[in-house]
Amino acid sequence: MKIVFLGAGNLAFHLSLALQNAGHDIVQVYSRTLKSANELANKLNSKATNNVSQITENTDLYIIAVSDDAIQPVIDKLNITNKNIVHTAGSIPMDILQSANNYGVFYPLQTFSKNSTLDFAEIPICVESNNETFKKTLLDLAKQISGSVWYISSEERIYLHLAAVFVCNFVNHLYSLTEELIGDKNIDFKILHPLIKETVNKAVAISPKLAQTGPALRNDKKTIEKHTNLLISRPDLGKIYQMISDSIQTFHNSEK
Ligand SMILES: NC(=O)c1ccc[n+]([C@@H]2O[C@H](COP(=O)([O-])OP(=O)(O)OC[C@H]3O[C@@H](n4cnc5c(N)ncnc54)[C@H](OP(=O)(O)O)[C@@H]3O)[C@@H](O)[C@H]2O)c1
């Protein structure tokens, strides 16, 4: 299949390479800047443009992988009426593309960074489409690169995206804050790697609820007070500590 990528960021980087490895021809890469478009196009041995009017008509599928807020402006500039087109955003309804003939969503549920290696075969791909024929095309395409393919509506997908923000973006932000906090005390974040890994392993192997430990769950008031005092100079972290401790106690219904 001939494919054009609109967007050359983290997601486009991984998805385009996975599709190329599955035998598809990435004929062109568009990005806002020629630098980004060239960077990805060179990897794919493809052509680059930063001009929407130069996007080729000679393709079977357009994959929009620009930032969420840029999707509508890109659609407005591209005449999508007779095109087969998908976007890759978790939080944007499929109908944003409704002026096309065949349209849908191709949302890989994973966190993508250009400099990290991923096995696409394990990444869930959430597909949605406006008709049965295009649904089959998208499901077939997804199954060529992943062993975990799902048909998910826009209403369901927004909840999956919200879930992804909690389990990935928020948790990772806590890692970043922690790295900074202990870095200030000259403690290497690496010492926490086994704890991070075991926390993830337990959440997946048993359940997050059963895996919970810690002072908030045990209602160890003196320990909580000591931690709170350590965070006096960091009211931003103190607020998060208090809020999450309260949430753990409410959720597990323990007495304060
Ligand atoms: N990264 C993930 O983990 C992930 C996972 C699942 C789904 N997605 C979805 O994939 C899409 C792309 O995300 P990403 O993480 O790959 O983003 P990203 O790395 O920030 O890349 C964004 C791309 O959009 C282009 N862009 C930004 N603003 C634009 C504008 N106003 N007009 C035209 N192009 C513009 C950028 O162009 P320049 O670089 O040339 O400025 C770049 O090519 C989003 O819809 C996102 O929700 C991402």
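Computed from a prediction, not measured in an experiment: that's the story for all the values here. First listed ligand is number 1; within each ligand, the first listed atom is number 1.
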Review point. By ring pair (Phe, Tyr, Trp, His ring centres under 6.0 Å), which residues pair with H14, not counting sequence neighbours?
Key: F112
Review point. Hey, are K83 and E57 close enough for a salt bridge, meaning a charged N less than 4.0 Å from a carboxylate O?
Key: yes
Quick one: ligand 1 N/O to protein N/O pairs below 3.5 Å?
unit_1	atom_1	unit_2	atom_2	d
ligand 1	1 (N)	F112	O	3.4
ligand 1	3 (O)	Q110	O	3.4
ligand 1	3 (O)	F112	N	2.8
ligand 1	10 (O)	T88	OG1	3.1
ligand 1	16 (O)	N10	N	3.1
ligand 1	16 (O)	L11	N	2.8
ligand 1	19 (O)	N10	N	2.9
ligand 1	19 (O)	N10	ND2	3.1
ligand 1	24 (O)	S67	N	3.2
ligand 1	28 (N)	R32	NH1	3.1
ligand 1	37 (O)	S31	OG	2.9
ligand 1	39 (O)	S36	OG	2.6
ligand 1	40 (O)	S31	OG	2.7
ligand 1	40 (O)	R32	N	3.3
ligand 1	40 (O)	T33	N	2.7
ligand 1	40 (O)	T33	OG1	2.6
ligand 1	40 (O)	S36	OG	3.2
ligand 1	41 (O)	R32	NE	2.9
ligand 1	41 (O)	R32	NH2	2.9
ligand 1	43 (O)	A8	N	2.8
ligand 1	43 (O)	S31	OG	2.8
ligand 1	45 (O)	V66	O	3.1
ligand 1	45 (O)	D68	OD1	2.6
ligand 1	47 (O)	D68	OD1	2.7

Study note, to complete from the structure: Residues Q28 and I55: closest non-hydrogen pair is OE1-CA, 3.3 Å
Review point. For D220, which residues count as a side-chain contact (heavy atoms from CB on, under 4.5 Å) partner, sequence neighbours excluded?
Key: P215, R218, T223
Anything under 3.5 Å between a donor and an acceptor, one on a side chain of residues 190-203, the other on a protein residue two or more places apart or in another chain? List them.
unit_1	atom_1	unit_2	atom_2	d
T199	OG1	L195	O	2.6
N201	ND2	K197	O	3.4
K202	NZ	A211	O	3.2

**Study point:** R157 side-chain N/O to I92 backbone N/O, donor-acceptor pair under 3.5 Å
**Key:** yes
